[in-house]
Amino acid sequence: MDKQDEPISHRDYCLLIDGSKHNRNLGCKKHDNAYGINGGGGASERKIADRRFYEHLKSNNDPVAPFAYAAVRLFGWFFFNYKQGVWRGQLSKRLFKGLL
């Protein structure tokens, strides 16, 4: 088992959904990492990260998978670490310095 695949019990990585169900917390952690710490990039990288998140939820028979996918596609730009362009960096961190 990869360190990133270890069960996470100490932190809830999911926003607005219960991370304790359907192995969501692991999917949310990987998605967060693809958006920021271990990822970022451009629009195509964000789309890949969102699709992988959806596939993770779907493979765990999570009924919120299509709704979570729609939410990250609509609002994920606010959190994604863009490597270039007008929104370079994570807009959420620029607006809420010290809180996130």
Quick one: which residue pairs count as a disulfide (SG to SG under 2.5 Å) with a foot in residues 50-89, not counting sequence neighbours?
-> none
Under the side chain to side chain contact (heavy atoms under 4.5 Å, CB included) test, residues paired with E45 that sit two or more places apart | F80
Counting only heavy atoms not in R52, do more than 12 sit closer than 6.0 Å to its CZ atom?
-> no
Is there a side-chain contact between C14 and N25 (heavy atoms, below 4.5 Å)?
-> yes
Only counting residues at least two apart or in another chain, list the ones meeting side chain to side chain contact (heavy atoms under 4.5 Å, CB included) with D32.
-> Y13
Given the rule that I, L, V, M, F, W and Y join up when any side-chain heavy atoms are under 4.5 Å apart, are L57 and F79 in one cluster?
-> yes
How far apart are the closest heavy atoms of R73 and R46, and which atoms are they?
-> O-NH2, 2.7 Å
Following the transitive rule for hydrophobic clusters with a side-chain heavy-atom cut-off under 4.5 Å over Ile, Leu, Val, Met, Phe, Trp and Tyr, establish whether I48 and F53 coincide in one cluster.
-> no
Hydrophobic cluster membership, L15 vs F75, 4.5 Å side-chain cutoff = no
Between atom NE2 of H22 and atom CD1 of I17, what is the distance when rounded to the nearest 0.5 Å?
-> 10.0 Å
According to the side chain to side chain donor-acceptor pair (under 3.5 Å) rule, which pairs have a member within residues 75-84, sequence neighbours left out?
-> none
Shared hydrophobic cluster for L74 and L16 (ILVMFWY, side-chain gaps under 4.5 Å) = no
Between side-chain atoms of residues 58-67 and protein atoms elsewhere (two or more places apart, or another chain), which donor-acceptor pairs fall under 3.5 Å?
residue, atom, partner, partner atom, Å
S59, OG, E55, O, 3.3
S59, OG, H56, O, 2.9
N60, ND2, H56, O, 2.8
D62, OD1, R24, NE, 3.4
D62, OD1, R24, NH2, 2.9
D62, OD1, V64, N, 3.0
D62, OD2, R24, NE, 2.5

Mind running side-chain contact (heavy atoms from CB on, under 4.5 Å) on H31 and D50 for me, showing each step along the way?
-> CA-CA 7 Å; H31 187 250; D50 292 348; 2.7 Å; yes
Those residues that, when tested against I37, pass side chain to side chain contact (heavy atoms under 4.5 Å, CB included) (two or more places apart) | N33
